[in-house]
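Data block below; observations after.
Source: prediction; values computed, not measured. Order of the sequence lines sets the chain letters (A, B, ...), proteins ahead of strands, with each chain counted from 1.
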2 protein chains.
Amino acid sequence: MRPENTAQIRQLELFAKVSEETFRALTETSFLQRFPRGVVLIRENEPADFLHVVLGGAVEMFAGTETRETTLDIIRPIGVFILAAVLNDEVYLQSARTLEPSDIFMIPAQKVRFAMETDAAFARAIVMELARSYRRTIKDLKGMKLRTGTERLANWLLRADKEQGGSGQVEIRMEKRTLASRLGMTPENLSRAFSTLKSHGIEIDGSKVEIVEPAILIEFARPDPLVDDPEDPFPAADGGTNRKDAQIADRGQRGQ
Amino acid sequence: MRPENTAQIRQLELFAKVSEETFRALTETSFLQRFPRGVVLIRENEPADFLHVVLGGAVEMFAGTETRETTLDIIRPIGVFILAAVLNDEVYLQSARTLEPSDIFMIPAQKVRFAMETDAAFARAIVMELARSYRRTIKDLKGMKLRTGTERLANWLLRADKEQGGSGQVEIRMEKRTLASRLGMTPENLSRAFSTLKSHGIEIDGSKVEIVEPAILIEFARPDPLVDDPEDPFPAADGGTNRKDAQIADRGQRGQ
DNA sequence: CGTTTATTTGAAAACGCTCAAGCTCTGTGG
DNA sequence: CCACAGAGCTTGAGCGTTTTCAAATAAACG
């Protein structure tokens with residue numbers, strides 16, 4: 001099963017610069033599969049067998065203990081997941097399930113590792129992809145440790161608005177309980193957080209949120225590029241400079 | 001300034017397999033510097049100028065907003081920090097300060113990027129290092145989202161005991177407030193968490209903790225390899241299998 | 001429509017934070 | 001050697017946040 005969608009995959013930055021030979025090696029035993037909504041694609045603690053590429057739909061990365069569960073990320077096209085586990089030849093740290101009917105391209109892990117060994121361009125692309133994912137996760141961790149749930153929601157709204165065109169009309173494209181879990185809170189708490197934000201410039205109607213007074217929401221959210229900005233898929237070529245001015249007292253107050 | 005310590009750096013897995021030429025290029029304009037305790041080495045939001053290697057002492061990675069601050073990691077020899085920012089040619093997401101007098105080896109960022117482009121072995125080593133750091137951060141994030149502060153402390157104790165030989169005698173090798181921040185809580189809360197754990201198999205005297213009844217502490221902590229195990233510096237070559245058996249209800253409860 | 005599922009609301013409890021005071025340890029100067 | 005200052009840690013009280021449990025409402029689906 002080797003569809004024409006390889007062209008689509010070729011466009012992924014991860015594969016854009018690899019040699020034709022490497023690309024063929026990576027894709028010839030790979031396959032594209034369409035899954036319905038709610039299917040668990042991988043489970044944490046299983047050995048990493050495939051690199052997964054999301055070509056359509058949406059995939060929720062989650063993890064849990066016996067009693068608790070949390071959403072770590074949501075991957076939309078075109079995105080890759082569990083690259084780190086594949087490279088380290090380790091077990092997955094996260095599980096994945098489809099949130100919508102999704103097209104998933106699966107590449108055998110050993111092909112990925114082999115290609116990384118033999119194709120320098122691929123190795124470099126992997127480095128960039130990994131570094132990006134890593135930085136995104138650090139931002140999430142900072143958000144969890146430095147902010148309250150309501151603040152995370154406010155910043156999530158600002159970012160979602162940007163991604164959806166900046167019209168001020170934000171559509172929540174997932175179940176609210178999934179969003180809650182993504183933001184590290186309970187569904188009940190998310191609901192209350194939305195209520196709270198009504199007095200900070202938003203109106204909400206079902207899955208549609210309107211940012212009525214952006215300035216007020218921003219005032220409340222205090223967005224920080226070092227927490228909220230998406231990792232740029234094409235980082236500055238010049239040596240990024242001047243964003244906000246860091247002002248951290250050398251031994252200022254601690255604590256959450 | 002190009003000390004004999006290059007031998008020490010050579011041993012770092014990151015540099016072990018690079019060509020002699022690459023290694024020379026990386027180290028010839030680098031320098032080793034000894035810093036006293038409490039020095040801020042880098043600040044978040046500054047452009048990434050150097051890759052830092054900790055050869056002695058300890059370095060705290062932290063980040064903050066105007067009013068809050070949190071410790072994200074503590075790096076001890078021999079460890080590297082802010083590799084991702086260097087590779088992405090981006091600003092740092094974290095600040096760093098020495099917790100003790102520390103020996104830091106600094107390699108110009110552009111040398112690192114150039115070496116990655118030209119030396120495939122180095123690129124591969126970077127991939128492994130990045131993947132490892134990434135997975136560690138995901139484990140931290142999972143810990144933050146899935147556990148209470150006291151649970152994090154209990155698991156931290158179990159891990160520290162392992163790292164210190166498994167004698168049951170754990171020495172806290174940093175200020176408690178730093179540990180508190182690392183674990184995502186206030187110093188007061190850490191103090192209370194220790195008190196709580198007294199009834200779960202530990203005794204504490206200053207910076208020394210004794211795990212008197214490991215079974216009881218483990219019972220409380222419920223350690224999970226997918227959250228607590230350190231990322232193995234030399235991942236299994238066989239394709240890791242059989243750890244615990246993942247048992248996650250496909251759409252089980254969410255929360256926290 | 002009726003049934004199921006998701007969301008919201010309410011109340012109580014657990015958790016974590018802040019502020020304040022007291023305690024301990026350490027290092028310094030008398 | 002002791003007294004004292006400073007820093008770190010602990011303890012207590014109060015409060016705000018978040019979770020949990022329960023129930024009501026709303027939405028989705030056949």
Query raised in the report: Is the number of heavy atoms from other residues, nucleotides or ligands within 6.0 Å of CZ (B:Arg76) greater than 12?
Result: yes
Report summary line: Here the distance between atom P of C:dC17 and atom CG of B:Leu183, to the nearest Å, is 11 Å
Query raised in the report: Side-chain donor or acceptor of B:Glu175 under 3.5 Å from a matching atom on the base of D:dC9?
Result: no
Query raised in the report: Rounded to the Å, how far apart are A:Leu197 CG and D:dT17 P?
Result: 13 Å
Report task. Flag this pair as yes if the NZ/CZ of B:Arg43 is under 6.0 angstrom from the six-membered ring centre of B:Tyr92 and inside a 45 degree cone about the axis; otherwise no. Result -> no
Requested in this report: Map B:Lys176 and A:Asn189 onto DNA chain D by nearest heavy atom, then report which one ends up closer to the 5' terminus.
Outcome: B:Lys176
Report summary line: Between CE of B:Met185 and P of C:dA14 the distance, given in whole Å, is 19 Å
Report task. Return no unless some side-chain N or O of A:Thr186 is found under 4.0 Å from OP1 or OP2 of D:dT18. Result -> no
Query - Sugar-phosphate, base or nothing in reach of A:Gly149, heavy atoms under 4.0 Å - result: sugar-phosphate
Report summary line: Ranking C:dA6, D:dT18, D:dA13 by distance to the side chain of A:Thr150, first place goes to D:dT18
Query raised in the report: Which of these nucleotides, C:dT8, D:dC9, D:dT18, is closest to any side-chain atom of A:Thr148?
Result: D:dT18
Query - Separation of D:dT18 P from B:Met144 CE (nearest whole Å) - result: 12 Å
Requested in this report: When you get a sec, tell me which of C:dG16, C:dT9, D:dT11 is the closest nucleotide to the side chain of A:Glu188?
Outcome: C:dT9
Report summary line: A:Lys198 NZ to C:dT9 C1', in whole Å, measures 11 Å
Query raised in the report: Rounding to a whole Å, what distance do you find between A:Asp205:CG and D:dA26:P?
Result: 13 Å
Report task. Determine, using ring centers only, whether A:Phe81 and A:Phe50 are less than 6.0 Å apart. Result -> no
Query raised in the report: What is the distance, rounded to the nearest whole Å, between atom CG of B:Leu190 and atom P of C:dT18?
Result: 15 Å
Requested in this report: Measure from NZ or CZ of A:Lys176 to the centre of the six-membered ring of A:Phe194, then state whether that distance is under 6.0 Å and the direction lies within 45° of the axis.
Outcome: yes
Requested in this report: For A:Arg192, enumerate each residue passing the salt bridge (charged side-chain N to carboxylate O under 4.0 Å, His left out) test, keeping only those at least two apart in sequence or located in another chain.
Outcome: none
Requested in this report: Between D:dT11, D:dT18, C:dT9, spot the one nearest the side chain of A:Ser191, thanks.
Outcome: C:dT9
**Report entry** Rounded distance (Å) that lies between atom P of D:dA27 and atom CD1 of A:Ile172
**Finding:** 14 Å
Requested in this report: Please tell me which of the listed nucleotides, C:dC17, C:dA11, C:dT18, lies nearest to the side chain of A:Arg192?
Outcome: C:dA11
Report task. Return no unless some side-chain N or O of B:Ser195 is found under 4.0 Å from OP1 or OP2 of D:dT11. Result -> yes
